[in-house]
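Values in this document were obtained by computation on a predicted structure and should not be read as measured data. Here is how names work: the chains are called A, B, and so on, in the same order as the sequence lines, proteins then strands, and each is numbered from 1.
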Protein chains: 2
Amino acid sequence: MSRPTTKDLAKVAGVSLATVDRVLNERPGVRQTTVERVNEAIKAIDFVRDISAANLARSKEYKLVFLLPDHDDEFIDLILEAIAEANRSLTHERTIVTIIRAPANDPRRLVEEIDKLSATEVDGVAVMTPETPQVRDAISRMDARGIAVVALVSNQPNAESAYFVGINNEAAGRTVGQLMARFTGEKHGSVLVLTETMQSRDSQERRLGFDVIMAKYAQRLKVCPSMETYGDSVRTAQIVRSALQSRPSIVGIYLMNHDIYEAMQAIEALSPLQNVVIIGHELTAHTCARLIDGTLDAVISQDVGHLVRSSIRVLKAKITSIGTVASQERIRIEITLRENMPEERQTVGR
Amino acid sequence: MSRPTTKDLAKVAGVSLATVDRVLNERPGVRQTTVERVNEAIKAIDFVRDISAANLARSKEYKLVFLLPDHDDEFIDLILEAIAEANRSLTHERTIVTIIRAPANDPRRLVEEIDKLSATEVDGVAVMTPETPQVRDAISRMDARGIAVVALVSNQPNAESAYFVGINNEAAGRTVGQLMARFTGEKHGSVLVLTETMQSRDSQERRLGFDVIMAKYAQRLKVCPSMETYGDSVRTAQIVRSALQSRPSIVGIYLMNHDIYEAMQAIEALSPLQNVVIIGHELTAHTCARLIDGTLDAVISQDVGHLVRSSIRVLKAKITSIGTVASQERIRIEITLRENMPEERQTVGR
DNA sequence: CTTTAAATGATGTACGTACCTCATGTCAAG
DNA sequence: CTTGACATGAGGTACGTACATCATTTAAAG
């Protein structure tokens with residue numbers, strides 16, 4: 001037979017529809033013993049509320065917010081695009097996603113934005129921002145206000161209320177290490193590591209994983225200390241130049257951030273890049289182009305569309321206290337070479 | 001304002017609700033000019049039918065079928081598991097997935113099973129079977145009967161009605177080629193290619209892609225002709241033994257099928273495998289274990305859960321003639337090393 | 001102009017749930 | 001026994017769509 005309805009539930013529990021409704025929606029005025037009777041009946045007939053009918057009746061809309069850094073780079077652009085796409089297909093599911101931008105490096109303003117969000121206007125929030133104590137506390141306050149929270153891309157390991165949607169950065173670093181070890185063959189020499197800043201937990205974790213594998217499988221290679229670019233193209237050029245000059249035998253470069261435009265420019269301007277293995281992060285128009293032209297050997301990435309859709313699913317699941325399919329929400333650490341690049345990216349120029 | 005409803009549509013089109021209903025559900029008795037007027041209004045106010053409300057009203061259930069080969073291997077097991085998981089989470093969405101098994105290599109019985117499916121009992125079918133003319137025709141007949149069809153894992157390029165859910169096998173072969181070329185460093189020697197059969201289009205495509213890249217980037221390596229195992233362990237052992245003996249300098253092995261148990265056994269029994277790069281397909285318990293113990297160097301795979309969920313989404317989209325989000329349905333060619341193996345697989349023993 | 005068929009409108013019920021109001025029941029304290 | 005608080009039942013309306021029936025209008029044919 002078909003799915004049991006509230007009517008069936010009422011019959012089995014031996015109560016009226018009104019009481020079933022009171023129990024299901026946790027309305028007051030039901031004796032504890034009756035509540036239990038209904039709950040037993042729910043288990044007995046395996047009753048599950050029909051969410052679409054419920055949403056229809058409530059004419060409820062899920063109001064979700066993505067809180068993103070306010071600087072613009074290709075990765076953020078990808079996320080914005082993915083959100084726009086999700087929004088298009090989610091109109092059919094009573095879900096509205098809006099975007100709030102806030103300075104990632106100004107905790108005060110960030111916290112201000114978070115505290116502004118009221119449970120009456122917002123049901124769930126996906127937060128993409130570096131971990132700081134202030135942010136952690138602001139997240140806890142949101143949770144207390146009854147707003148669902150997920151941490152996007154950057155984990156918030158100390159905010160238990162925030163489910164993490166993203167990859168394990170230490171494993172990502174290990175993966176890069178393994179690729180670097182194997183792609184460099186038997187060669188000896190040194191490996192550069194460039195990052196925007198080592199302040200961020202993500203960078204630290206990636207570096208950690210990278211070092212573990214390099215130590216294990218590529219002792220022939222000397223891994224240099226991380227060089228920080230601070231996103232400054234002049235500084236980047238300078239750093240790269242002096243590194244390439246002082247170390248003649250560079251065989252590999254790990255670009256730990258997705259915004260690698262300046263670094264690549266500086267590198268290319270300076271040396272013939274034959275036989276230097278370069279590995280970067282995230283599948284942007286720029287990295288794709290570099291994969292195709294062969295400058296970049298591999299890219300480690302996470303599916304941005306998946307990140308966004310998964311965040312939305314998890315938020316909605318939290319809001320309705322429904323379970324999620326764990327395997328569907330797992331974000332994979334993707335390795336992309338020129339050969340397995342998604343076809344729609346292969347034509348995208350820079 | 002909120003989503004437009006059929007009422008709004010009726011008002012804008014200047015017709016009654018009944019007529020709107022007739023147009024939306026393609027019922028007879030509406031003049032062509034009126035149909036067009038309503039369709040214009042649909043565009044004008046961007047009306048989209050509320051699918052959950054529609055399903056509720058129809059008390060419709062989507063009845064989907066997965067038609068799978070009737071032999072058992074680890075890959076099929078993964079698919080079965082993914083279907084079971086999908087089924088659990090889809091009860092909430094009025095979708096029931098059932099499974100039919102049929103001998104993949106007996107086109108007659110296969111076609112018989114397909115022809116048995118009636119549009120009254122089934123709304124959509126995902127077919128996983130090698131391409132043959134008989135099957136292609138049977139798929140066309142299903143389409144004519146009004147049953148939605150997708151081709152799963154194995155493409156049916158000559159059956160236009162079947163949307164393909166799976167990876168580009170030629171690109172997968174290229175990817176293996178690139179990894180083989182890079183993982184073997186500067187070494188010279190030969191590369192073995194083992195497959196169950198070269199009859200299947202999938203194997204042919206993979207081989208093609210593999211050869212292209214090997215010719216381009218690894219001319220130092222000699223790629224041997226594909227050796228067919230026919231899934232027979234005795235034969236496999238024999239083939240592998242003679243190959244390893246007659247060719248002293250084997251530096252790489254490409255196991256083109258997911259069922260690599262026999263081949264791995266045979267290989268291991270015969271030679272010290274130091275420095276031989278072995279690359280296989282699909283993330284099964286067995287391949288994961290081999291990745292962990294280091295026998296296998298890389299695995300090319302497709303996310304089975306994604307395959308199944310995507311098939312279901314595409315089928316439902318076809319049934320309701322709603323669009324899909326292209327980027328969500330793209331199945332990636334995944335490269336898995338020990339380092340980026342999904343965490344839940346790392347503890348799975350054999 | 002009438003006849004007739006086709007096109008359209010008006011209206012009601014249903015799907016499964018939410019939410020509201022009002023009536024009736026029960027039980028313990030006074 | 002009465003009072004009152006609380007528990008429960010009965011019934012209705014709504015959400016957006018599907019589908020059926022019957023009444024009415026419109027257009028084409030005679």
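Sorted by residue number, the members of residues 15-40 of chain B with any non-hydrogen atom under 4.0 Å from DNA chain C read B/Val15, B/Ser16, B/Ala18, B/Thr19, B/Arg22, B/Gly29, B/Val30, B/Arg31, B/Thr34.
Taking atom CZ of residue B/Arg3 and atom C1' of nucleotide D/dT17, one finds them 11 Å apart after rounding to whole Å. Atom C1' of nucleotide D/dA18 and atom CG of B/Leu9 are separated by 15 Å, given to the nearest angstrom. Distance, A/Lys7 NZ to D/dG9 C1': 16 Å, rounded to whole Å. Atom-to-atom, CG of B/Leu56 to P of D/dC19 comes out at 13 Å; the value is rounded to the nearest Å. Between B/Ile42 atom CD1 and D/dT17 atom P there is a gap of 11 Å when expressed in whole angstrom units. Distance A/Arg94 CZ to D/dT17 C1': 11 Å, rounded to the nearest Å.
Classification of B/Arg101 and B/Asp72 as a salt-bridged pair holds, one side-chain N sitting under 4.0 Å from a carboxylate O.
The line from CG of B/Asn55 to NZ of B/Lys316 is 7.5 Å long, rounded to the nearest 0.5 Å.
Summarising the local packing, CD of B/Glu81 is surrounded by 12 or fewer heavy atoms from other residues, nucleotides or ligands at distances under 6.0 Å.
Along DNA chain C, the nucleotide nearest to B/Ala53 and the one nearest to A/Arg58 differ in position, and the one closer to the 5' end is contacted by B/Ala53.
The two atoms that bring B/Gly166 and B/Leu307 nearest to each other are CA-CD2, 3.9 Å, heavy atoms only.
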Does the salt bridge (charged side-chain N to carboxylate O under 4.0 Å, His left out) test come out yes or no for B/Glu40 and B/Lys43, once each step is laid out?
CA-CA 5 Å; B/Glu40 273 162 34; B/Lys43 273 183 208 151; over 6 Å; no
Show me the donor-acceptor pairs, under 3.5 Å and distance only, between side chains in residues 149-157 of chain A and residues at least two apart or in other chains.
| from | atom 1 | to | atom 2 | distance (Å) |
| --- | --- | --- | --- | --- |
| A/Ser154 | OG | A/Asp202 | OD2 | 2.9 |
| A/Gln156 | NE2 | A/Thr129 | O | 2.8 |

